[in-house]
Amino acid sequence: MAAYAVALTGASGAPYGLTLLRSLAAAGHEVHVVVSGGGARVLAHECDLHVNPKAPDPAVLAPEHAARIVTHSVENYGASIASGSFPYEGLAVCPCSMGTLGRIAAATAENLVTRAADVCLKERRRLVLVPREAPFSAIHLENMLKLHRAGARIVPASPGFYHRPRSVDDLVRFVAARVLEQLGLSQDLVEPWRG
């Protein structure tokens with residue numbers, strides 16, 4: 001199976017990222033995971049999961065699929081996913097804070113999240129950014145447009161309701177399903193619209 005990367009940053013929406021990385025691992029993919037400092041705070045607040053961004057524990061992030069999870073310190077510029085020569089299919093930053101999105105748009109590559117995103121753009125790999133912010137400022141929108149033009153896919157964490165969700169988990173799965181599709185993968189989290 002292919003390798004993918006998932007980064008969780010400091011925007012609300014940690015359940016989206018967890019569902020995404022667990023779905024990728026459950027499908028048999030190798031999943032490289034990076035958690036920013038803000039992402040670790042959101043995981044603790046929203047999911048009661050305590051993760052050290054310098055040494056994330058795969059068993060905390062995906063207990064049933066820890067063997068398929070490869071974690072990296074957010075400070076490790078020498079990590080495999082920081083290099084264009086490492087073969088992975090793409091990166092989803094889910095959730096993606098506006099600070100992270102802005103730093104990716106500016107190509108600062110100041111930590112492993114922004115460096116891996118920069119690699120995906122330069123190598124023409126799939127980069128999916130999942131902002132969870134409301135409302136968007138003009139700067140947010142300009143950064144998103146700049147990244148879209150550079151090849152990134154912007155998938156706001158905006159769940160739909162046509163699938164008749166009955167729980168918060170249904171809404172989370174909807175967003176994770178859209179991200180999987182933008183990574184070029186099939187998904188079975190949400191039944192497709194049949195008309």
Q: Please test Leu129 against Val155 for side chain to side chain contact (heavy atoms under 4.5 Å, CB included), starting from the C-alpha separation and ending with a verdict.
A: CA-CA 6 Å; Leu129 306 175; Val155 181; over 6 Å; no
Q) Same cluster or not: are Val172 and Leu189 linked, directly or through other Ile, Leu, Val, Met, Phe, Trp or Tyr residues, by side-chain heavy atoms under 4.5 angstrom apart? A) yes
Q. If you round to the nearest 0.5 Å, how far is CG of Leu21 from NE2 of His65?
A. 10.0 Å
Q) Measuring from Leu180:CG to Tyr4:OH, what's the distance to the nearest 0.5 Å? A) 9.0 Å
Q: State, to 0.1 Å, how close His72 and Ser80 come at their nearest heavy-atom pair, and which atoms those are.
A: CE1-OG, 3.6 Å
Q) Would a 4.5 Å heavy-atom cut-off, applied to side chains only, mark Leu43 and Leu18 as touching? A) yes
Q) Hey, does Pro131 have a side-chain heavy atom less than 4.5 Å from the side chain of His140? A) no
Q) Any side-chain heavy-atom pair from Thr9 and Val35 closer than 4.5 angstrom? A) no
Q.
Could you tell me if the side chain of Val119 sits less than 4.5 Å from the side chain of Ser83, heavy atoms only?
A. no
Q: Report yes if the side chains of Leu8 and Val6 come closer than 4.5 Å at any heavy-atom pair, otherwise no.
A: yes
Q) Of all heavy-atom pairs between Cys120 and Leu127, which one has the smallest distance, and what is that distance? A) CB-CB, 4.0 Å
(Q) Take a 6.0 Å sphere around CG of Leu141 and say whether it holds more than 12 heavy atoms from other residues, nucleotides or ligands. (A) yes
Q. Does Lys122 have any salt bridge (Lys or Arg N to Asp or Glu O under 4.0 Å) partners at least two apart in sequence or in another chain, and if so, which?
A. none
(Q) Could you report the tightest heavy-atom contact between Val51 and Pro56, atom names first, then the distance? (A) CG1-CB, 3.6 Å
Q | Shortest non-hydrogen separation from Lys54 to Ser73 and the atoms involved | A | O-CB, 3.1 Å
Q: Using the six-membered ring of Phe174, assess whether NZ or CZ of Arg178 lies under 6.0 Å from its centre and within 45 degrees of the ring axis.
A: yes
**Q.** From Tyr162 atom OH to Arg194 atom CZ, the distance as rounded to the nearest 0.5 Å
**A.** 11.0 Å
Q) Do Val175 and Val31 sit in the same hydrophobic cluster, where Ile, Leu, Val, Met, Phe, Trp and Tyr count as joined when their side-chain heavy atoms come under 4.5 Å apart? A) yes
Q.
Any side-chain to backbone donor/acceptor pair from Asp170 onto Arg166? Under 3.5 Å, distance only.
A. yes
Q: For the residue pair Pro165 and Arg173, establish whether any side-chain heavy-atom pair is separated by less than 4.5 Å.
A: no
Q. Which atom pair, heavy atoms only, marks the closest approach of Ala176 to Thr19?
A. CB-CG2, 3.8 Å
Q: For Glu30, check side chain to side chain contact (heavy atoms under 4.5 Å, CB included) against everything at least two apart and list the hits.
A: Ala3, His32, Val70, Phe86
Q | side chain to side chain contact (heavy atoms under 4.5 Å, CB included) between Ile154 and Val128, intermediate numbers included | A | CA-CA 6 Å; Ile154 310 297; Val128 182; over 6 Å; no
**Q.** Hydrophobic cluster identity match, Leu24 and Tyr16, side-chain contacts under 4.5 Å
**A.** yes
Q) Are side-chain N/O atoms of Ser23 and Gln187 paired as donor and acceptor at under 3.5 Å? A) no
Q: Kindly compute the distance separating CE (Met144) from CZ (Phe136), expressed to the nearest 0.5 Å.
A: 4.0 Å
Q: Can you measure from NE2 (His29) to CD1 (Ile69) and round to the nearest 0.5 angstrom?
A: 11.5 Å
Q) Is any side-chain heavy atom of Val34 closer than 4.5 Å to a side-chain heavy atom of Asn111? A) no
Q. Under a single-linkage definition using a 4.5 Å side-chain heavy-atom cutoff for Ile, Leu, Val, Met, Phe, Trp and Tyr, are Leu185 and Trp193 assigned to the same hydrophobic cluster?
A. yes
Q | same_hphob_cluster(Val42, Val130) at 4.5 Å side-chain heavy-atom cutoff | A | no
Q: Might you point out which heavy atoms bring Arg22 and Leu61 nearest each other, and give the distance in Å?
A: NE-O, 2.7 Å
(Q) Between Arg132 and Ala157 (side chain of the first, backbone of the second, donor and acceptor by atom type, cut-off under 3.5 Å), is there such a pair? (A) no
Ignoring hydrogens and angles, write down the donor-acceptor pairs under 3.5 Å from the side chains of residues 88-106, residues two or more places apart or on other chains.
residue, atom, partner, partner atom, Å
Tyr88, OH, Ile81, O, 2.9
Ser97, OG, Thr100, N, 3.0
Ser97, OG, Thr100, OG1, 2.9
Arg103, NE, Glu110, OE2, 3.0
Arg103, NH1, Gly99, O, 3.4

Q) With a cut-off of 6.0 Å (strictly less than), are more than 12 heavy atoms of other residues, nucleotides or ligands near CZ of Arg153? A) yes
